[in-house]
Undergrad: 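There's a structure below that I have some questions on.
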Amino acid sequence: MRTVFWDYDTNQTKMIEQRLLPEVFEVVAFDRCADVGKAITDMVIRGAPAIGGAAGFGMALAAQESDARDLASLQEYVHRAAEELRLARPTAVNLAWAIDRMLRVADAVEGSADDLREAMLKEAQTIADEDVEINKRMAEHGAALIEDGDTIIHHCNTGSLATVDWGTALGVIHTAHEQGKNIHVLVDETRPRLQGSRLTAWELKEYGIPFDIISDNMAGHFLHTGQVQRVFFGADRVSANGDVANKIGTYMLALAAKDNDVPAYSVVPTSTIDLSLAHGGLIPIEERTQDEVLGLDLLGRKASPEGATARNIAFDVTPNRLITGIVTENGVVYPPFDINLPKFVRKFES
Ligand code: MRU
């Protein structure tokens with residue numbers, strides 16, 4: 001099942017409620033764009049490409065929920081909805097990328113308001129379908145980097161749940177497994193929201209891929225003792241020079257990988273590459289509520305004294321010098337990223 005999809009019987013956006021996994025599998029439905037925005041903020045759905053997919057369908061809902069009869073009024077309405085949706089989360093560029101793509105379609109419609117509704121739903125569906133196809137292509141390129149017998153450290157959740165389907169870094173691992181490669185995954189639990197131990201481990205179990213969960217601070221030990229051959233993670237935004245913003249902890253993981261000569265790959269669709277930003281220092285980094293750090297788990301049990309305060313930075317930026325290669329749907333890009341990445345992205349722009 002796809003992580004986010006349009007239900008053509010009910011005309012709703014539906015998505016897997018990721019906060020309840022792995023205990024409960026539930027699909028939730030949305031009728032309004034603003035509610036999709038809240039679902040993104042609250043992380044009912046998360047992961048950069050999945051956020052992009054949800055944003056596309058959210059915009060289609062915006063066109064549908066408005067009772068505007070004429071084209072100009074509906075165009076104005078979807079633009080207003082877009083500006084609110086844009087604020088849902090700051091770091092994953094796929095959100096703005098999908099919204100802008102939907103707005104371009106809305107602005108190009110010349111017929112009736114209903115033509116706009118139809119065109120926007122069609123575009124949202126295309127974004128979702130393309131995501132799956134792109135992930136499968138990335139997975140083929142990335143799987144070629146994995147050797148039989150490899151132990152791989154994976155950070156956060158980058159699988160089907162982080163995309164419309166299949167995944168980025170976890171999609172690579174899944175494809176390598178399907179190719180018959182004997183691999184073992186060390187799953188960073190990924191504090192504070194535990195995307196690794198809750199979601200990645202759940203997916204790996206479903207796929208029958210051998211794994212062990214490790215706490216994030218064990219990664220250095222496994223790398224230093226020669227027990228890891230590859231490190232794979234995704235990205236929420238990659239700047240033009242190849243700096244990678246990804247789930248908090250990626251930087252420390254990449255540092256430890258570099259220190260131990262273990263290759264570290266970021267797997268990203270080109271929709272995650274933001275050529276408008278020269279370097280990673282310009283990427284907006286989300287800070288979330290301290291409750292996520294202070295709670296022992298998502299049920300809110302306390303792991304800290306009453307009254308303690310915390311910081312909760314959701315992403316960090318890994319400098320390009322620590323990245324071995326950036327895997328995209330069009331192939332793998334290697335250093336020097338400041339030269340090769342923009343050239344590579346532009347080569348495939350339609
Ligand atoms: O805060 P999240 O769970 O949305 O963060 C997700 C990640 O950092 C993923 O690694 C990233 O989106 C890339 S993989 C699809």
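Ligands are counted one by one from 1 in listed order, and the atoms in each one are counted from 1 as well. On a predicted model such as this, the values are computed, not experimentally measured, just so you know.
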Undergrad: Just need the protein heavy atom nearest to atom 10 (O) of ligand 1, so name the residue and atom and give the distance.
TA: N246 OD1, 2.8 Å
Undergrad: Suppose I only count heavy atoms of M43 and a 4.0 Å limit; which atoms of ligand 1 are within that range?
TA: 1 (O), 2 (P), 3 (O)
Undergrad: Pick out which of K247, R193, R89 makes a salt bridge (Lys or Arg N to Asp or Glu O under 4.0 Å) with E286.
TA: R89
Undergrad: Does ligand 1 have any atom that is closer than 4.0 Å to a heavy atom of G47?
TA: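 Yes, G47 has a heavy atom closer than 4.0 Å to ligand 1.
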Undergrad: Nearest non-hydrogen contact with atom 1 (O) of ligand 1 belongs to which option: K247, R46, H155?
TA: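 Checking each option, the heavy atom nearest atom 1 (O) of ligand 1 is found in K247.
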Undergrad: Just need the protein heavy atom nearest to atom 7 (C) of ligand 1, so name the residue and atom and give the distance.
TA: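 Ranking protein heavy atoms by distance from atom 7 (C) of ligand 1, first comes D236 OD1, 3.2 Å.
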Undergrad: Is the number of heavy atoms from other residues, nucleotides or ligands within 6.0 Å of CD (E118) greater than 12?
TA: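 No, because the 6.0 Å sphere around CD of E118 holds 12 heavy atoms or fewer from other groups.
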Undergrad: Looking only at distances, can you tell me whether any N or O atom of A48, backbone or side chain, sits closer than 3.5 Å to an N or O atom of ligand 1?
TA: yes
Undergrad: Any heavy atom of R89 closer to ligand 1 than 4.0 angstrom?
TA: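 So R89 counts as touching ligand 1.
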Undergrad: Does ligand 1 come near enough to T168 that some N or O of the ligand is less than 3.5 Å from an N or O of the residue?
TA: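 Such a contact does not occur with ligand 1.
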Undergrad: Taking atom CD as the centre, does E110 end up with more than 12 heavy-atom neighbours from other residues, nucleotides or ligands that are less than 6.0 angstrom away?
TA: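 For E110, atom CD is not crowded (no more than 12 foreign heavy atoms under 6.0 Å).
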Undergrad: What are the atoms of ligand 1, with element, lying closer than 4.0 Å to any heavy atom of Q195?
TA: 1 (O), 2 (P), 3 (O)
Undergrad: Output every pair passing salt bridge (charged side-chain N to carboxylate O under 4.0 Å, His left out) with a member in residues 222-239, not counting sequence neighbours, ordered by first then second residue.
TA: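 Qualifying pairs: E147-R230, D150-R230, R237-D274.
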Undergrad: Tell me the contacting part of F315 for ligand 1: side chain, backbone, both, or neither, using a 4.0 Å heavy-atom threshold, strictly below.
TA: side chain
Undergrad: Is the terminal nitrogen or CZ of K205 (NZ for Lys, CZ for Arg) located under 6.0 angstrom from the six-membered ring centre of F211 and within 45° of that ring's axis?
TA: no
Undergrad: With distance as the sole test, does S160 use its side chain to make a donor-acceptor pair with the main-chain N or O of W166 at under 3.5 Å?
TA: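 Such a contact is found between S160 side chain and W166 backbone.
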Undergrad: Decide whether the shortest distance between a heavy atom of P49 and an atom of ligand 1 is less than 4.0 Å.
TA: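 Within the 4.0 Å threshold, so yes.
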Undergrad: Looking at R2 and D129, is any side-chain nitrogen of the basic one under 4.0 Å from a carboxylate oxygen of the acidic one?
TA: yes
Undergrad: Checking the N or O distance criterion of under 3.5 Å, is ligand 1 in contact with T158?
TA: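 No, T158 has no N/O under 3.5 Å of an N/O on ligand 1.
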Undergrad: Are F30 and I51 co-members of a hydrophobic cluster defined by side-chain heavy atoms under 4.5 Å apart?
TA: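 Yes; tracing contacts between hydrophobic side chains, which count when under 4.5 Å, links both residues.
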Undergrad: Taking the six-membered ring where the residue is Trp, are the ring centres of F232 and H154 under 6.0 Å apart?
TA: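 That pair fails the under 6.0 Å test.
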Undergrad: At less than 4.0 angstrom from any non-hydrogen atom of A162, what atoms of ligand 1 do you find?
TA: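 So the atoms of ligand 1 that pass are 15 (C).
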